[in-house]
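Some notes on the structure that comes next.
Residue numbering restarts at 1 for every chain, and letters A, B, ... go by the order of the sequence lines. Note that the structure is a prediction, hence the values are computed from the model and not measured.
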Amino acid sequence: MQGSDDHSGNMAAPAYAPKAGGIAARARQGAMAAHTPPSWLDGLNPEQRLAVETTEGPLLVLAGAGTGKTRVLTTRIAHILASGLAMPSQILAVTFTNKAAREMKERIGHLVGPAAEGMPWLGTFHAISTKLLRRHAELVSLKPTFTILDTDDQIRLMKQVLQAEGVDEKRWPARQLANLIDGWKNRALSPAQVPAGEGAAFANGRGGKLYAMYQERLKTLNAADFGDLLLESIRLFREQPDVLAMYQQRFRYMLVDEYQDTNVAQYLWLRLLAQGRDPAHRNLCCVGDDDQSIYGWRGAEVDNILRFEHDFPGAQVVRLERNYRSTGHILTAASELIARNEGRLGKRLRTEDEDGEKVAITGAWDSEEEARLVGEEIEALQAKGHSLGDMAILVRISAQMREMEDRLVQLGVPYRVIGGPRFYERMEIRDAMAYLRCVVSPADDLAFERIVNTPKRGLGDATLQVLHAHARAARIPLMEAARYLVETEELKPKPRKTIRDLLADFGRWSAAATRMRQGELAELVLEESGYTEMWRRDRSAEASGRLDNLKELVRSLEEFPDLQSFLEHVSLVMEAADGDTGERVSLMTLHAAKGLEFDTVFLPGWEEGLFPNQRALDESGRAGLEEERRLAHVGITRARKRARIYFASNRRIHGLWNATIPSRFIDELPESAVEVLDAPASYSYGGYGQNNGYGQSRFDRAAGGYAGAAETAPSSYATPGWQRAQARGFGQGGFGRDGYGAGGSQFAAGRGGARGKGKGGPVIEGELVARSTGASSFSVGDRIFHQKFGPGSVALVDGNKLTVDFDKAGRKTVLDSFVEAT
DNA sequence: ACATGTTAAGTTTTT
DNA sequence: CTTAACATGT
């Protein structure tokens with residue numbers, strides 16, 4: 001039996017309580033009672049059941065919105081386990097997000113009980129890849145302890161590469177290079193495989209070279225970025241057929257969630273594993289919905305799902321079209337809309353539920369009125385007893401959020417922003433982690449650089465440059481370079497002492513690490529480094545929140561067996577600890593809403609240019625339009641009972657007011673499923689739904705020709721929120737130029753606060769004149785030249801340390817990497 | 001080394 | 001209009 005070590009390596013260790021008498025128990029009973037169908041199949045509809053029971057061979061499950069996708073996935077795993085087709089460690093189940101993985105684990109736990117213990121290979125592409133790579137790191141020239149770089153580290157490293165290459169960072173920002181390289185990695189292109197034209201487009205033809213250099217630096221640092229996790233796994237599979245064969249053999253059943261979101265690299269990764277020699281192990285089940293593919297812009301290939309039957313010959317396809325979420329009108333509206341797309345496999349959602357409310361479309365004069373209308377509707381529903389937790393506002397771009405937030409703040413409606421900065425992206429968390437990373441692996445330059453002057457120690461650019469120069473020349477990590485430099489007079493006395501102290505601190509902490517629990521260690525480090533003190537002294541509004549976050553960090557640290565696994569968890573898994581207190585309206589982008597559902601969904605901003613977004617149209621043409629339409633489809637199908645679409649005739653774009661016209665998507669909605677609210681009399685309903693092309697909508701208004709819907713709906717001023725707002729002394733509503741805008745939006749605070757300190761990256765001098773380390777090439781009496789101290793002659797040689805009598809500066813101790821022979 | 005003023009730029013986001 | 005990175009001044 002292979003994989004006896006599987007359980008130990010399981011990263012997330014959720015403590016779900018297995019239910020007694022789960023499927024396994026029932027399966028045993030079932031087996032005895034012969035022909036009774038296993039109980040876990042109860043309540044599945046015929047298609048779902050087919051998807052669960054078709055265990056052998058490639059299978060594509062096209063699961064429309066709200067058709068019980070997760071249920072099928074989890075039941076299928078339960079079915080495989082309970083029928084004894086495979087052990088938990090022989091099932092590979094891949095998701096995109098940790099959230100999805102966690103949910104799946106939990107639900108399988110509920111279904112199967114203790115039998116599911118483990119599921120060691122259930123996780124995200126990245127988490128599973130990491131696990132693979134740690135086991136076989138040496139085969140792809142990494143050490144098993146490699147660090148995973150997040151976007152922030154990535155950019156910092158690219159800055160270094162750009163500087164080393166002498167590329168002007170103004171013209172060619174590191175951010176852009178990062179996107180470019182990410183794009184290549186999404187398509188599984190190694191530096192050598194980058195099409196010449198694409199590499200040439202960056203930094204005067206140096207794009208490809210920079211990519212290669214970046215990869216080299218990663219290897220030197222024993223690090224991998226997110227893309228590498230997949231790419232290196234693919235390389236491992238390709239270059240080590242025996243390793244690949246082993247995993248092909250092990251994974252008897254493979255399941256992939258959200259298959260429409262896979263990129264080329266993920267597709268290759270899957271295909272390698274799914275195309276083993278033994279046909280009995282080619283049991284790949286992909287679940288997805290081509291109509292919900294909304295991540296094309298970040299490398300997802302809808303084509304993967306469209307081509308499934310071609311890629312995996314003999315594949316069966318099961319369509320789940322029975323929707324259990326939304327009422328009839330909502331489904332009709334969404335279905336008609338998405339039917340306009342050409343590149344799709346074709347599905348039609350249906351429900352046995354009643355028609356329910358029609359999709360409401362409301363026009364507003366401008367975006368402020370739009371926000372007001374949404375706010376009023378929320379309050380009206382609330383007054384009727386609807387819970388705020390069952391309502392969501394879904395926007396196309398996050399810039400739309402501010403206005404909505406402002407309005408909600410004014411009305412005193414509690415809300416929560418979904419998809420803000422993640423916990424681990426917060427400055428204080430990243431800082432704290434950098435300290436721990438330095439303790440665990442002193443060679444982690446990126447971490448060292450981050451905290452070397454945080455809190456402020458008076459170590460500025462000048463000092464850092466000296467450190468870098470020597471580290472670069474001697475090809476050693478920064479911290480090691482620092483250890484040499486404090487022995488010399490290269491540094492000014494003050495920074496020299498500071499660094500010496502810092503090094504002593506790290507020495508102490510490393511020693512402490514071996515005998516302390518990691519939580520204690522973290523507390524010690526954060527305290528002694530002065531980091532917590534820094535925030536305690538900080539009188540700004542966010543400071544206390546940051547201290548809380550640090551406490552939370554220390555607390556969660558204790559849940560892990562060791563520091564190493566914690567650091568991995570944070571870079572791969574950690575999420576915002578959302579204060580889930582009380583009922584709140586959810587506010588998020590359409591992208592963030594995928595997979596969620598609400599009774600009532602508000603969809604503001606349906607205007608040409610904003611939605612469909614002009615940029616998507618410009619950059620991707622028809623494909624872009626279709627993706628926007630899928631986004632609209634996702635938005636509508638989030639609603640269980642009520643979907644409300646809004647558009648404004650005027651919207652501020654980059655500060656300027658622009659006249660806007662309603663989205664073509666509005667015209668694409670079927671008349672039968674839609675009702676128009678608060679529309680002024682001048683806008684008749686006739687001819688609506690004829691799709692007369694965009695720009696011709698019945699909702700068009702001559703800019704300025706309309707006085708605003710507020711006047712047509714005076715009753716809305718009687719809402720509790722309006723009265724509250726009045727009572728608080730806010731100005732008249734009217735057209736809203738009365739400058740309310742209460743400052744403290746949660747979202748704004750969170751975002752602004754999370755920004756890094758923006759310290760300029762380290763400076764690496766142009767040439768990579770690598771002088772091999774070891775014994776110094778200088779001897780007593782040599783004439784040399786030093787950048788800072790000028791000419792002099794060598795008086796003493798001690799390894800790479802030289803004592804030099806300088807002509808002007810007198811006797812100094814310096815490192816040989818800083819002097820040149822003359 | 002740090003605070004303050006100036007300027008440029010401005011979808012969607014996970015791992 | 002807003003925000004963040006940059007440049008300048010103390």
Side-chain angles (χ1 to χ4, degrees), chain A residues 94-101 123-130 148-151 154 169-170 173-175 179 182 185-186 224-230 258 261-263 265-266 294-300 367 394-403 406 418-422 424-425 453 456-464 492 494-495 568-575 588-595 605 609-620 624 627-628 630-631 634-635 651-658 739 741 743 745 748 751-752 754-760:
Chain A
V94 204
T95 63
F96 271 84
T97 63
N98 294 301
K99 195 171 152 223
T124 63
F125 276 102
H126 298 269
I128 292 171
S129 295
T130 305
I148 298 165
L149 302 191
D150 61 24
T151 321
Q154 211 183 106
E169 273 185 79
K170 300 272 163 54
R175 167 100 248 157
N179 287 333
D182 272 350
K185 289 188 174 178
N186 284 338
D225 64 20
F226 288 124
D228 282 346
L229 296 176
L230 285 157
E258 306 279 16
D261 286 339
T262 49
N263 61 33
Q266 286 153 344
I294 55 175
Y295 286 110
W297 51 271
R298 73 177 193 214
S367 48
L394 312 183
V395 296
R396 174 67 242 276
I397 63 171
S398 33
Q400 286 173 264
M401 288 204 208
R402 175 167 306 274
E403 239 165 351
D406 284 352
I418 312 272
R422 315 253 159 278
Y424 66 83
E425 278 167 3
N453 197 32
K456 301 263 182 290
R457 301 189 167 90
L459 299 172
D461 277 353
T463 312
L464 211 57
K492 297 228 170 71
K494 212 169 73 188
E568 177 140 320
H569 174 83
V570 174
S571 59
L572 226 45
V573 179
M574 197 100 144
E575 279 164 69
M588 69 194 95
T589 63
L590 286 162
H591 284 90
K594 195 169 79 159
L610 178 63
F611 190 36
N613 191 269
Q614 193 57 48
R615 204 145 145 183
L617 263 37
D618 291 346
E619 280 170 19
S620 316
E627 183 153 316
E628 294 286 302
R630 291 193 289 265
L631 207 42
V634 166
R651 186 172 296 273
R652 207 164 19 196
I653 301 164
H654 302 334
L656 298 167
W657 284 94
N658 286 71
S745 131
R751 290 203 124 189
R755 300 288 169 192
K757 270 269 137 103
K759 270 258 148 29

- [ ] Using the C1' atoms only, state how far C/dA5 lies from B/dT12, rounded to an integer number of Å.
- [x] 23 Å
Open item on the list: Nearest to the side chain of A/Tyr295, heavy atoms from C-beta on, is which of B/dT13, B/dT15, B/dC2?
Closed with: B/dT13
Open item on the list: Assuming nearest nucleotide by heavy-atom distance, tell me which of A/Glu627 and A/Ala462 is located more 5' along DNA chain B.
Closed with: A/Ala462
Task: Nearest listed nucleotide, side chain of A/His654, among B/dG10, B/dT13, B/dT12 - done: B/dG10
TODO: Please check if the side chain of A/Gln154 supplies one atom and the backbone of A/Asp225 the other of a donor-acceptor pair under 3.5 Å.
DONE: no
- [ ] Answer yes or no: does a side-chain N or O of A/Asn613 lie under 4.0 Å from OP1 or OP2 of B/dT12?
- [x] no
Open item on the list: Output the rounded distance in Å from CG (A/Leu610) to P (B/dT12).
Closed with: 10 Å
- [ ] Would you kindly give the CG-to-P distance between A/Leu656 and B/dA9, to the nearest whole Å?
- [x] 16 Å
Open item on the list: Let's see if you can work this out: which of B/dT11, C/dT3, B/dT15 has an atom nearest to the side-chain heavy atoms of A/Thr124?
Closed with: B/dT15
Open item on the list: If I pick the C1' atom on C/dC6 and the same atom on B/dT11, what distance separates them, to the nearest angstrom?
Closed with: 25 Å
Task: A/Asp182 (side chain) donor-acceptor with A/Gly227 (main chain) under 3.5 angstrom - done: no
Open item on the list: Looking only at the side chain of A/Arg402 (C-beta and beyond, no hydrogens), which of the listed nucleotides C/dT2, B/dG10, B/dT15 gets closest?
Closed with: C/dT2
TODO: Measure from CG on A/Asp406 to C1' on C/dT2 and round the result to the nearest Å.
DONE: 12 Å
Task: Selected nucleotide, minimal atom distance to A/Asn453 side chain, candidates B/dC2, B/dT12, B/dT15 - done: B/dC2
TODO: Can you tell me the distance, in whole Å, between the NE2 atom of A/His569 and the C1' atom of B/dT15?
DONE: 13 Å
Open item on the list: Heavy-atom nearest nucleotide on DNA chain B for A/Arg457 versus A/Arg175: which residue maps closer to 5'?
Closed with: A/Arg457
Task: Nearest-Å distance for atom pair CG/P, residues A/Asp261 and B/dT15 - done: 12 Å
TODO: Would you please confirm or rule out a distance under 4.0 Å between OP1 or OP2 of B/dT13 and any side-chain N or O of A/Thr589?
DONE: yes
TODO: Would you kindly give the CD1-to-C1' distance between A/Ile397 and C/dT2, to the nearest whole Å?
DONE: 13 Å
TODO: Check every strand shown and say whether A/Gln154 touches a base, only sugar-phosphate, or nothing at a heavy-atom separation below 4.0 Å.
DONE: nothing
- [ ] Look at the rings of A/His591 and A/Trp297 and say which category their plane angle falls in: under 30° parallel, 30 to 60° tilted, over 60° perpendicular.
- [x] perpendicular
TODO: Can you check whether any acceptor in the base of B/dT11 is under 3.5 Å from a donor in the side chain of A/Arg396, or vice versa?
DONE: no
TODO: Rounded to the nearest angstrom, tell me the gap between atom CZ in A/Arg615 and atom C1' in B/dT12.
DONE: 10 Å
- [ ] Would you kindly give the CG-to-C1' distance between A/Asn179 and B/dT13, to the nearest whole Å?
- [x] 11 Å
Open item on the list: Among B/dT11, B/dT15, B/dT13, which nucleotide has an atom closest to any side-chain atom of A/His591?
Closed with: B/dT13
Task: Residue of the set A/Ile148, A/Leu149, A/Thr130 for which side-chain contact (heavy atoms from CB on, under 4.5 Å) holds with A/Phe226 - done: A/Ile148
- [ ] Using side-chain hydrogen bond (donor to acceptor under 3.5 Å, both in side chains) as the criterion, list what pairs up with A/Glu403, not counting sequence neighbours.
- [x] A/Ser367
TODO: Tell me what A/Glu628 touches on the nucleic acid: a base, only sugar-phosphate, or nothing, going by heavy atoms under 4.0 Å.
DONE: base
Open item on the list: Once side chain to side chain contact (heavy atoms under 4.5 Å, CB included) is applied, do any residues pair with A/Asn179, and if so which ones, sequence neighbours excluded?
Closed with: A/Arg175
TODO: Syn or anti for B/dT12, please, going by whether the chi angle lies within 90° of 0.
DONE: anti
